[in-house]
Amino acid sequence: MGQEELMDKIVELEREIAILPEGSITKKKIKAKEYYYHRITINGKRTENYVDFAEVPELKAQIEKRKTLEKQLKELKLLIVPEEDSENEEEEQLAFKTTVRVGKQLKSQIALTKRYRKRECIKELREYIFGGPLDKVFIIYGLRRTGKTTMIRQILTELSDMEFKKAAFIQVKSKDTLADVDADLRLLEEKGFKYVFIDEVTLIEDFIEGAAIFADIYASSGMKIVLSGTDSLGFAFSKEEQLYDRCIMLHTTFIPYREFEEVLGIKGIDEYIRYGGTMSLGGMNYNADTTFSNSKTAEEYIDTAIAKNIQHSLKMYQYGGHFRQLLDLYEKGELTNVINRVVENINHSFTRSVVERTFKSHDISVTAANMLRDRENPINIKAHMDLDAVTFGIMQVLDILNKEEQSIDIEDSHMIQIKEYLALLDLIMEIDLESLPEVNQKSKVTVITQPGMRYAQANAIVENLLLDAKFQELSIQERQRILERLLNEIRGRMMEDIILLETKIAKPDKKVFKLQFTIGEFDMVVFDQKTLTCQIYEVKYSKEQVPEQYRHITNEEKCAMTSHRYGEITGRYVIYRGDSAEVEGVRYLNVEEYLKSL
């Protein structure tokens with residue numbers, strides 16, 4: 001391992017250690033009852049905080065993990081080849097209270113990011129760093145593994161040698177206080193530093209209440225302050241309170257297909273459906289491990305990146321006074337699990353609707369038709385009856401799943417508040433679902449902005465459904481056919497959602513929605529309220545061109561109703577996986593080309 005790679009590994013370990021709790025767990029017996037405490041030492045003073053019994057195993061595991069990583073870190077630091085450098089000697093004389101990197105040490109930390117491709121949103125950070133003086137701080141926030149820290153390192157590589165000498169990177173750890181960071185910022189200001197990047201700043205207990213000092217004291221005096229952190233909900237709260245009108249916010253959670261292909265070097269809508277949502281796939285550009293490779297890793301991500309994000313931010317905000325309806329769940333130690341369930345239920349509902357539609361609307365009727373066709377052939381009749389039994393078995397499993405979800409004790413007020421926070425984290429977005437001729441019949445479709453998460457959980461549900469005993473009686477060929485059919489239907493529905501989501505985000509001045517009729521639907525309508533025109537779309541998970549695909553968007557009655565309500569139809573499109581073409585006045589658009597054009 002080279003020195004640059006070694007430094008990068010050390011930095012990553014230090015960052016992981018920073019968000020893990022230190023100290024130890026002690027047990028005390030009071031009146032025959034056992035109580036647990038988290039013991040830590042801060043600035044030479046030992047403190048003990050009560051820990052609920054249910055939280056002890058997880059806290060203990062995190063402390064042990066920290067100790068293991070600290071041991072690895074110590075071993076790696078022994079491998080560093082010391083270099084004599086007059087600049088280093090000067091840097092070592094600065095008595096920082098937190099972990100601050102400047103000069104050569106900082107250069108080693110960012111060296112490897114030079115070969116990474118850059119996300120498009122870095123241009124907003126670039127405008128802030130290289131633009132004129134502002135009395136605002138710049139906040140990079142988003143869920144884990146969406147490129148926040150990498151973006152900071154990349155912008156540091158763009159500084160000139162003179163500018164780089166005035167740059168500092170502060171890595172906040174769980175024991176650091178706002179006073180510690182403030183002291184280091186004062187010292188950096190005295191030494192003439194102009195660019196300060198503070199990572200994991202939301203770990204500071206009183207960050208939300210004291211965030212104004214970054215803008216009021218340092219940014220207003222000409223220093224460029226960039227903040228980033230894991231608890232992105234905390235930034236949303238601080239923007240509404242202490243940093244109101246004094247910050248520029250950059251969201252990183254949503255990663256469109258275009259960036260997935262261009263930055264990670266991974267091509268194809270299927271790959272985006274399976275793994276899209278984080279920057280952790282693609283060894284040539286980012287980390288090699290895959291966040292959504294299976295349902296277990298997806299659930300771990302939901303638990304750590306989303307559920308604990310919300311819980312930690314609420315705990316830190318207004319000293320825990322913002323839990324509202326969620327306070328009872330938090331006090332019982334159930335909030336993390338409930339948030340996790342809400343996310344899972346959104347994905348389960350999606351999967352259930354796809355499976356129900358697949359079997360109820362097609363397989364049963366096809367089975368019946370085929371039985372009539374083959375009524376003279378007893379062997380074929382038996383095959384169709386077996387398949388019909390499988391359909392019935394899978395629908396029974398779905399009924400069980402329905403009952404399990406209904407039995408989860410989550411009140412509507414909990415669900416509404418949690419979904420508000422998921423929207424603030426950019427994890428979910430709602431797409432309008434309108435109807436004709438019943439114009440007052442409106443609803444919404446909830447789309448997950450990280451498709452890999454949804455696919456991992458949907459895939460696990462399908463695999464569980466197909467463990468049904470009746471299904472196992474079928475031949476391996478039939479089992480494979482049904483599995484592929486279900487997964488294709490799921491990918492098809494996800495492709496629809498991805499197109500709706502990305503079109504809505506890319507065209508904020510247009511109204512983007514699904515349109516249902518008494519029979520049939522338009523998968524997407526893009527309505528221009530200024531010109532009173534619209535475009536209508538069908539989305540097909542297919543590489544073939546078939547007239548059946550565009551029967552709805554060429555139906556005279558449906559088009560007449562649409563024109564009457566949304567104006568002249570200026571384009572009819574089918575978005576699919578094949579090559580772009582035009583057939584009978586309908587334009588076929590390749591899905592990857594369409595998404596990259598947005």
Side-chain angles (χ1 to χ4, degrees), residues 15 18-19 94-102 106 121-122 124-142 148-149 151-153 155-156 159 163 166-252 309 312-313 315-319 322 424:
R15 190 170 188 272
I19 62 176
L94 298 178
F96 293 119
K97 293 181 178 293
T98 63
T99 303
V100 182
R101 289 185 176 83
V102 295
L106 180 57
C121 53
I122 197 173
E124 296 178 45
L125 176 58
R126 191 179 288 130
E127 288 171 3
Y128 172 79
I129 292 295
F130 298 110
L134 289 172
D135 59 350
K136 296 182 178 183
V137 299
F138 192 94
I139 294 175
I140 305 175
Y141 80 103
K148 301 183 296 296
T149 305
M151 196 181 302
I152 287 175
R153 295 182 190 178
I155 204 70
L156 279 162
L159 296 175
E163 289 167 331
K166 299 176 182 178
F169 181 91
I170 300 176
Q171 177 67 69
V172 174
K173 298 183 179 179
S174 55
K175 66 179 180 181
D176 295 332
T177 65
L178 192 62
D180 293 333
V181 176
D182 183 32
D184 287 346
L185 283 171
R186 284 202 306 271
L187 182 55
L188 288 167
E189 188 177 39
E190 288 171 12
K191 297 294 181 180
F193 283 80
K194 296 294 183 184
Y195 310 95
V196 181
F197 302 82
I198 310 175
D199 195 22
E200 295 297 354
V201 71
T202 49
L203 287 176
I204 300 172
E205 189 169 337
D206 49 352
F207 162 71
I208 297 173
E209 280 70 26
I213 70 162
F214 297 111
D216 292 350
I217 297 175
Y218 299 104
S220 62
S221 63
M223 189 179 276
K224 296 294 178 78
I225 303 283
V226 177
L227 309 176
S228 71
T230 302
D231 289 342
S232 47
L233 190 61
F235 286 127
F237 290 153
S238 63
K239 179 180 182 293
E240 296 302 318
E241 299 287 341
Q242 298 296 324
L243 290 175
Y244 180 74
D245 201 33
R246 285 171 289 178
C247 65
I248 300 168
M249 306 282 282
L250 175 60
H251 306 232
T252 62
N309 180 329
H312 185 266
S313 297
K315 181 181 176 183
M316 296 302 189
Y317 183 45
Q318 294 178 349
Y319 303 99
H322 198 69
L424 280 173

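Just so it is clear, the values below take in all heavy atoms, side chains as well, and ignore hydrogens, waters and symmetry mates.
- Between L106 and A167, the shortest heavy-atom contact is CD2-O, 3.9 Å.
- To the nearest 0.5 Å, the span separating CG on L233 from CG on N309 amounts to 6.0 Å.
- Within the structure, every pair that satisfies the salt bridge (Lys or Arg N to Asp or Glu O under 4.0 Å) test and touches residues 215-230, not counting sequence neighbours, is listed here: D216-R246.
- Atoms OH and OG1, from Y141 and T202 in turn, are 13.0 Å apart once rounded to the nearest 0.5 Å.
- A search for side chain to side chain donor-acceptor pair (under 3.5 Å) contacts involving E127 returns nothing, not counting sequence neighbours.
- In this structure the side chain of V181 reaches within 4.5 angstrom of the side chain of F214, judged on heavy atoms.
- Among residues two or more places apart in sequence or in another chain, the side chain to side chain donor-acceptor pair (under 3.5 Å) test is passed with E124 by none.
- The ring-ring contact (aromatic ring centres under 6.0 Å, His included) test applied to Y218 returns no partner, not counting sequence neighbours.
- Looking at heavy atoms from C-beta onward, K194 lies out of side-chain contact with E163 at the 4.5 angstrom threshold.
- A donor-acceptor pair under 3.5 Å is formed between the side chain of K148 and the backbone N or O of G142.
- A pairwise comparison of heavy atoms in A219 and V137 identifies CB-CG1, 4.2 Å as the closest pair.
- Between I152 atom CD1 and D199 atom CG the span is 5.0 Å, to the nearest 0.5 Å.
- At a cut-off of 3.5 Å, with distance as the only test, no side-chain donor of D180 or T98 sits close to an acceptor on the other residue.
- Considering only heavy atoms from C-beta on, V100 stays 4.5 Å or farther from L187 through its side chain.
- Heavy-atom minimum distance, T177 versus I204: C-CG2, 3.9 Å.
- Contact of the L188 side chain with the F96 side chain is registered, since non-hydrogen atoms from C-beta on lie closer than 4.5 Å.
- Taking OH of Y195 as the reference point, atom CD1 of I225 lies at 12.5 Å (rounded to 0.5 Å).
- For the side chain to side chain contact (heavy atoms under 4.5 Å, CB included) with F193, the qualifying choice from K191, E189, E190 is K191, the only one to do so.
- Rounded to the nearest 0.5 Å, atoms SG (C247) and CG (L227) are 9.0 Å apart.
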Practice task
Dump the intermediate steps for side-chain contact (heavy atoms from CB on, under 4.5 Å) on L203 and D176, then the final yes or no.
Solution key: CA-CA 8 Å; L203 287 176; D176 295 332; over 6 Å; no

Exercise for the section: Could you check F169 against V226 for side-chain contact (heavy atoms from CB on, under 4.5 Å), going step by step and ending with a plain yes or no? Expected result: CA-CA 10 Å; F169 181 91; V226 177; over 6 Å; no

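- Residues satisfying the salt bridge (Lys or Arg N to Asp or Glu O under 4.0 Å) test with D135, not counting sequence neighbours, are none.
- For F197, there are no ring-ring contact (aromatic ring centres under 6.0 Å, His included) partners at least two apart in sequence or on another chain.
- Shown here for G234 and S313, the closest heavy-atom pair between the two residues is N-OG, 3.1 Å.
- Taken to the nearest 0.5 Å, the CD1 atom of I129 stands 10.0 Å off from the CG atom of L134.
- Taking each heavy atom of K173 and T99 in turn, the nearest pair found is CE-OG1, 3.3 Å.
- Between Y128 and F138, the angle of the ring planes lies from 30° to 60°, which puts this pair in the tilted group.
- When all heavy atoms are compared, the tightest approach of D184 to A95 is OD1-O, 4.4 Å.
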